[in-house]
Protein chains: 2
Amino acid sequence: MVNRSVVKILAKHGMKITPQRIAILDVIINLQNHPTADTICDYLRLSYPHISIGTVYKTLDTFESKGIINKVYSETDTMRYDGVITQHHHLYCIDSERIDDYYDDGLNKLLNDYLKKKKIPDFIVEDFKLQIIGRFNEKNKTK
Amino acid sequence: MVNRSVVKILAKHGMKITPQRIAILDVIINLQNHPTADTICDYLRLSYPHISIGTVYKTLDTFESKGIINKVYSETDTMRYDGVITQHHHLYCIDSERIDDYYDDGLNKLLNDYLKKKKIPDFIVEDFKLQIIGRFNEKNKTK
DNA sequence: TTCCTAAATAGGAATAATTCTTATTTAGGA
DNA sequence: TCCTAAATAAGAATTATTCCTATTTAGGAA
Ligand SMILES: [Mn+2]
Ligand SMILES: [Mn+2]
Ligand SMILES: [Zn+2]
Ligand SMILES: [Zn+2]
């Protein structure tokens, strides 16, 4: 039942394979919600009652510094995390905390070409992320 | 010495004109740093020793809800504020907390046209912001 | 101009998110 | 199997933000 690919990721980055790390990485990769540390912790406690919130924070931070996960900037004062590291963008809901992934290779290419051509003075572009702000429509309001 | 346009903005939004509001709005519009509430408070205290951090937070929140200023999403757990409300984007420095404004009407148009044409399923786009992540080069490293 | 009152503020307490500390446990190499 | 550096749990501490309440004040009404 343990996600083998998760173990591989940890190994590839030279990290000790611990049950906590496996569980945390598994949850963040499989939860698509851009969860907070607290959400992850609550979820983990269902199957792992003793996990400590401090460990969750520390582990997420470690993952982030190794590039295994990303932080997602948001308007609340609670950090959110993202298990998807391939280039993508985010749909921010004006009416709720919901943040959805938005994949669009055409957009990536468009922006990449534009920024490459543009040459912003005194700044070397390494990456970019588009925050698309708006509303999910009726059919899609739950979730 | 009091910035008259700041008073006008407050009046336009039907807010009481208080010394605190004038000072806070003046600072955030003139400070280009995307400052935190705390930075604003420290700065204000030079000329206004008794201003309360709670008032600063509350006032910034009021301004934001009236659309007079914006919040800027960032990676730290400290909210940052932006006195510029015309459409623009941000340059995020990988090596520091620095966030600079980036104005580019060509980019605005490009993205606007693209998103208008694209029609993201089940989502109505109201606005968008590009986070451009990278490094400021030597000449521009101070500030 | 003076008075009145709802709204705003100061100052401090409370809360929430995150980080830190330390004793204990454990992964994994020798 | 043993050893040790690294990881974890639990709780304390810190930091950012919000809340509470007594006091002050802006600005409309008289
Ligand atoms: Mn914090
Ligand atoms: Mn907080
Ligand atoms: Zn995402
Ligand atoms: Zn800005």
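Numbered from 1 within each chain, the chains take letters A, B, ... in sequence-line order.
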Enquirer: For the side chain of A:T55, starting at C-beta, report the closest nucleotide among D:dA9, C:dA8, D:dA7.
Expert: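 Closest of the options to the side chain of A:T55: D:dA9.
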
Enquirer: In dot-bracket form, how is DNA chain C paired, counting a Watson-Crick or G-U wobble pair only if both its distances are under 3.5 Å and using | for bases paired to another strand?
Expert: ||||||||||||||||||||||||||||||

Enquirer: D:dT8 P sits how many Å from A:I22 CD1, rounded?
Expert: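 So the two atoms are 11 Å apart, to the nearest Å.
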
Enquirer: Donor-acceptor pair, distance only, cut-off 3.5 Å: does the side chain of B:T62 make one with the backbone of B:K58?
Expert: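 Side chain of B:T62 to backbone of B:K58, a donor-acceptor pair under 3.5 Å: yes, one is there.
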
Enquirer: Ignoring the backbone of A:S52, work out which of C:dT19, C:dT9, D:dA10 is nearest its side chain.
Expert: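 Among the listed nucleotides, the one closest to the side chain of A:S52 is D:dA10.
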
Enquirer: Given side chains that start at C-beta, do those of A:D82 and A:H88 come closer than 4.5 Å, heavy atoms only?
Expert: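 Yes; the side chains approach each other to less than 4.5 Å.
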
Enquirer: Does B:Y92 reach the main-chain N or O of B:G134 with its side chain, forming a donor-acceptor pair under 3.5 Å?
Expert: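 No; judged by distance alone, with no hydrogens or angles, the pair does not exist.
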
Enquirer: Does A:K16 offer a backbone N or O that forms a donor-acceptor pair with the side chain of A:R21 under 3.5 Å?
Expert: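 Yes; at least one donor-acceptor contact below 3.5 Å.
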
Enquirer: Without decimals, in angstroms, what is the distance between B:K58 NZ and D:dC20 C1'?
Expert: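 It works out to 12 Å between those atoms.
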
Enquirer: Please give me every residue in residues 12-20 of chain A whose heavy atoms get under 4.0 Å of an atom in DNA chain D, ordered by residue number.
Expert: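 Hits under 4.0 Å, by residue number: A:K16, A:T18, A:Q20.
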
Enquirer: Find the distance A:I53:CD1 to D:dT14:P and express it as a whole number of Å.
Expert: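 Interatomic distance, CD1 of A:I53 to P of D:dT14: 20 Å.
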
Enquirer: Rounding to a whole Å, what distance do you find between B:Y81:OH and D:dA16:C1'?
Expert: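 Distance, rounded to whole Å: 10 Å.
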
Enquirer: Report yes or no: does B:H90 contribute a side-chain atom to a donor-acceptor pair with the main-chain N or O of B:D101 at less than 3.5 Å?
Expert: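 Not confirmed, B:H90 side chain does not pair with B:D101 backbone.
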
Enquirer: Roughly how many Å is it from CD1 in B:I24 to P in C:dA10, rounded to a whole number?
Expert: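 The distance from CD1 of B:I24 to P of C:dA10 comes to 8 Å, rounded to the nearest Å.
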
Enquirer: Whole angstrom is fine here: how far is it from CG in B:L44 over to P in C:dT9?
Expert: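 My rounded result for the distance is 12 Å.
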
Enquirer: Describe the nucleic acid contact of B:T78 in one word from base, sugar-phosphate, nothing, applying a heavy-atom distance below 4.0 Å.
Expert: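 Contact class for B:T78: sugar-phosphate only.
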
Enquirer: Verify the contact: side-chain N or O of B:H50 to OP1 or OP2 of C:dT9, cut-off strictly under 4.0 Å; return yes or no.
Expert: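 Indeed not, no polar side-chain atom of B:H50 lies that close.
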
Enquirer: B:A37 or A:P49: which one's nearest nucleotide on DNA chain D is closer to the 5' end?
Expert: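 Checking each residue's closest nucleotide, the 5'-ward one belongs to A:P49.
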
Enquirer: When you check the phosphate oxygens OP1 and OP2 of C:dT19, does a side-chain N or O of A:Y57 lie under 4.0 Å from one of them?
Expert: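 False: A:Y57 side-chain N/O out of range (4.0 Å or more) of C:dT19 OP1/OP2.
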
Enquirer: Please check: side-chain N/O of A:R80 versus main-chain N/O of A:N33, any donor-acceptor pairing under 3.5 Å?
Expert: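 Such a contact is found between A:R80 side chain and A:N33 backbone.
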
Enquirer: Would B:L25 and B:I69 satisfy side-chain contact (heavy atoms from CB on, under 4.5 Å), going step by step from the backbone distance to the final call?
Expert: CA-CA 9 Å; B:L25 189 50; B:I69 66 171; 4.2 Å; yes

Enquirer: Rounded off to whole Å, could you give me the CG-to-P distance for the B:D77 and D:dT15 pair?
Expert: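 Atom CG in B:D77 sits about 11 Å away from atom P in D:dT15.
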
Enquirer: Any donor and acceptor pair, going by atom type alone, linking the side chain of A:T39 with main-chain N or O of A:P35 inside 3.5 Å?
Expert: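 Flag not set: sc A:T39 to bb A:P35 has no pair under 3.5 Å.
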
Enquirer: Report the distance from atom CD of B:E64 to atom C1' of D:dT17, rounded to the nearest whole Å.
Expert: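 Interatomic distance, CD of B:E64 to C1' of D:dT17: 15 Å.
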
Enquirer: Counting only N and O atoms by type, is there a donor-acceptor contact under 3.5 Å from the side chain of A:Y81 to the main-chain atoms of A:A37?
Expert: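 Not a single qualifying donor-acceptor pair exists.
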
